[in-house]
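Notes follow once the structure below has been shown.
Small disclaimer: the values here were computed from a predicted structure and weren't measured.
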Amino acid sequence: MPGTSATRVDLEKFLAVPISPELLELALTHRSYAYEHGGLAHNERLEFLGDSILGQAVTVKLYTENPDLDEGELAKRRASVVSSVALAEVGRRIDLGRHIRLGRGEELTGGRDKSSILADTVEAVIGAAYLDAGADAATTLVLRLVGPLLDDPDRFGAAMDPKTSLQELAARLGRGLPNYAVTDSGPDHSKRFHAVVFVGGDRLADGEGTSKKQAEIAAALDAWTTLSAKP
């Protein structure tokens with residue numbers, strides 16, 4: 001269930017950034033919830049903004065604190081920290097999933113722990129922080145959220161290519177090659193793609209995106225997370 005007002009206060013205290021209740025609620029509203037409730041506004045515009053703020057904050061920190069690293073290594077570290085897997089880890093660490101407003105379909109298919117949804121919502125919250133509290137406060141929030149990742153970028157390096165990472169992990173576990181089944185819906189000018197990934201005959205994860213590739217990557221991210229967590 002979505003977070004109650006009491007637990008929402010807990011989230012606000014953790015963020016420690018003055019975001020209006022209305023804007024924070026928008027940042028936590030997934031498109032599936034919006035569509036099921038008469039076409040409400042959802043968080044994708046905030047996600048777009050937050051992605052930019054995130055990238056800038058991480059880029060500046062890496063550049064200023066690593067004068068001996070060349071452009072290629074800086075880019076690699078930035079990509080690992082801002083990847084969907086890394087941001088989903090941030091979302092799980094702050095228990096963001098319980099606060100997201102999801103449609104019934106996403107709710108029933110485990111949307112609160114989907115890497116793609118968690119990562120997008122983290123970016124939307126960053127965007128909301130920028131709008132209500134300003135650039136400095138948003139940058140401070142970004143660095144507090146991703147600080148543990150910046151201290152250990154190698155942990156997330158493999159996640160820059162989720163499909164390859166999933167394939168390699170499945171092979172190490174003797175599970176065989178991953179297989180993807182992709183369907184699409186919606187008009188030609190606004191299609192949505194849904195991917196399901198199977199490993200060793202087991203359905204491990206689903207993913208969505210505006211292209212077949214994005215949907216497969218989103219599914220691979222969740223499948224990789226699931227397999228990585230297994231003993």
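You'll find the side chain of Leu24 reaches within 4.5 Å of the side chain of Glu12, heavy atoms only. Side chains of Leu96 and Val90 form no contact here, defined as non-hydrogen atoms less than 4.5 Å apart. A heavy-atom distance below 4.5 Å is not found between the side chains of Val122 and Leu54. In this structure the side chain of Leu46 reaches within 4.5 angstrom of the side chain of Leu26, judged on heavy atoms. Thr183 is not listed as a side-chain neighbour of Phe193, based on a closest heavy-atom distance of 4.5 Å or more. Using a 4.5 Å heavy-atom threshold, the side chains of Glu107 and Arg112 count as touching. Here the side chains of Leu131 and Leu23 are in contact, with some heavy-atom distance below 4.5 Å. Residues Glu168 and Thr164 have side chains in contact (heavy-atom distance under 4.5 Å, counting atoms from C-beta outward).
Counted by atom type alone, Asp206 and Thr109 present zero donor-acceptor pairs between their side chains at under 3.5 Å. Donor-acceptor pairing under 3.5 Å is recorded for the side chains of Ser115 and Asp222. Side chains of Thr59 and Arg78: a donor-acceptor N/O pair is present below 3.5 angstrom, by distance only.
Atoms OG and CD1, on Ser52 and Ile126 in that order, are 11.0 Å from each other to the nearest 0.5 Å. In this structure, CG in Leu150 is found 9.5 Å from CZ in Arg77, a value given to the nearest 0.5 Å. Rounded to the nearest 0.5 Å, atoms CG (Leu49) and CD (Glu123) are 10.0 Å apart. With rounding to the nearest 0.5 Å, the separation of CG in Leu227 from CG in Asp202 is 9.0 Å. Between the NE2 atom in His30 and the CD atom in Glu47 there is a gap of 8.5 Å [rounded to 0.5 Å]. Atoms CD and CZ, from Gln214 and Arg192 in turn, are 8.0 Å apart once rounded to the nearest 0.5 Å.
More than 12 non-hydrogen atoms from other residues, nucleotides or ligands lie less than 6.0 angstrom from CZ of Arg93. Counting heavy atoms of neighbouring residues, nucleotides and ligands inside a 6.0 Å radius, atom CZ of Arg144 exceeds 12 of them.
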Q.
Go through it in stages, so that I can follow the logic: the residues are Leu145 and Phe14, the test is side chain to side chain contact (heavy atoms under 4.5 Å, CB included), and I'd like the CA-CA distance, side-chain angles, deciding distance and then a yes or no.
A. CA-CA 10 Å; Leu145 291 176; Phe14 179 86; 3.9 Å; yes
Q: Would you please test Ser116 and Leu221 for side chain to side chain contact (heavy atoms under 4.5 Å, CB included) and show each step?
A: CA-CA 8 Å; Ser116 57; Leu221 289 174; 5.5 Å; no
Q: Under the side chain to side chain contact (heavy atoms under 4.5 Å, CB included) rule, what do Thr121 and His99 come out as? Steps first, then yes or no, please.
A: CA-CA 10 Å; Thr121 307; His99 300 285; over 6 Å; no
Q. Hey, mind stepping through Arg101 and Thr29 against side-chain hydrogen bond (donor to acceptor under 3.5 Å, both in side chains) and telling me if it holds?
A. CA-CA 5 Å; Arg101 299 205 296 175; Thr29 301; 3.0 Å; yes
Q: Kindly determine whether Leu87 and Leu118 satisfy side chain to side chain contact (heavy atoms under 4.5 Å, CB included), including the steps that lead there.
A: CA-CA 7 Å; Leu87 293 180; Leu118 286 168; over 6 Å; no
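Under a hydrophobic-cluster definition in which Ile, Leu, Val, Met, Phe, Trp and Tyr are linked whenever side-chain heavy atoms come within less than 4.5 Å, directly or via other members, Val60 and Val146 are assigned to different clusters. Linking ILVMFWY residues whenever their side-chain heavy atoms come closer than 4.5 Å, directly or via other members, leaves Tyr35 and Ile100 in distinct clusters. Two different hydrophobic clusters hold Phe198 and Ile217 under the rule that ILVMFWY side chains link at heavy-atom gaps under 4.5 Å. The hydrophobic clustering, which links ILVMFWY residues whose side-chain heavy atoms are closer than 4.5 Å, places Leu173 and Leu166 together. Leu177 and Trp224 fall into different hydrophobic clusters, where Ile, Leu, Val, Met, Phe, Trp and Tyr side chains are chained together by heavy-atom contacts under 4.5 Å.
Judged purely by atom type and a 3.5 angstrom limit, Ser83 uses its side chain to pair as donor or acceptor with the backbone of Ser80. A donor-acceptor pair under 3.5 Å is absent between the side-chain atoms of Asp132 and the main chain of Ile19, judged by distance alone. The backbone N or O of Glu73 lies less than 3.5 Å from a partner atom in the side chain of Asp70, making a donor-acceptor pair. Between the side chain of Arg92 and the backbone N or O of Asp113, at least one donor-acceptor pair lies under 3.5 Å. Between the Arg203 side chain and the Val197 main chain, no donor and acceptor come within less than 3.5 Å of each other.
Nearest heavy atom pair, residue Ala170 against residue Gly176, reads CB-O, 3.3 Å. Contact between Lys191 and Gly186 at its shortest, heavy atoms only, is NZ-O, 3.4 Å. Between Leu62 and Leu74 the shortest heavy-atom distance is O-CD2, 3.6 Å. Of all non-hydrogen atoms in Ala133 and Val17, the two that sit nearest each other are CB-CG1, 3.4 Å. The heavy-atom pair separating Ser32 from Gly103 by the smallest distance is OG-N, 2.8 Å. Listed here is the closest heavy atom pair of Ala57 and Thr139: CB-CG2, 3.9 Å.
A salt bridge links Lys114 with Glu106: the distance from a Lys NZ or Arg NE/NH1/NH2 to an Asp or Glu carboxylate oxygen falls below 4.0 Å.
Under the 4.5 angstrom side-chain criterion for Ile, Leu, Val, Met, Phe, Trp and Tyr, Phe48 has no cluster partners at all.
Cation-pi geometry between Lys212 and Tyr180 is not met: the NZ or CZ atom fails to fall both under 6.0 Å from the ring centre and inside 45° of the normal.
Applying side-chain contact (heavy atoms from CB on, under 4.5 Å) to Tyr33 and the options Arg31, His37, Glu36 leaves one that passes, His37.
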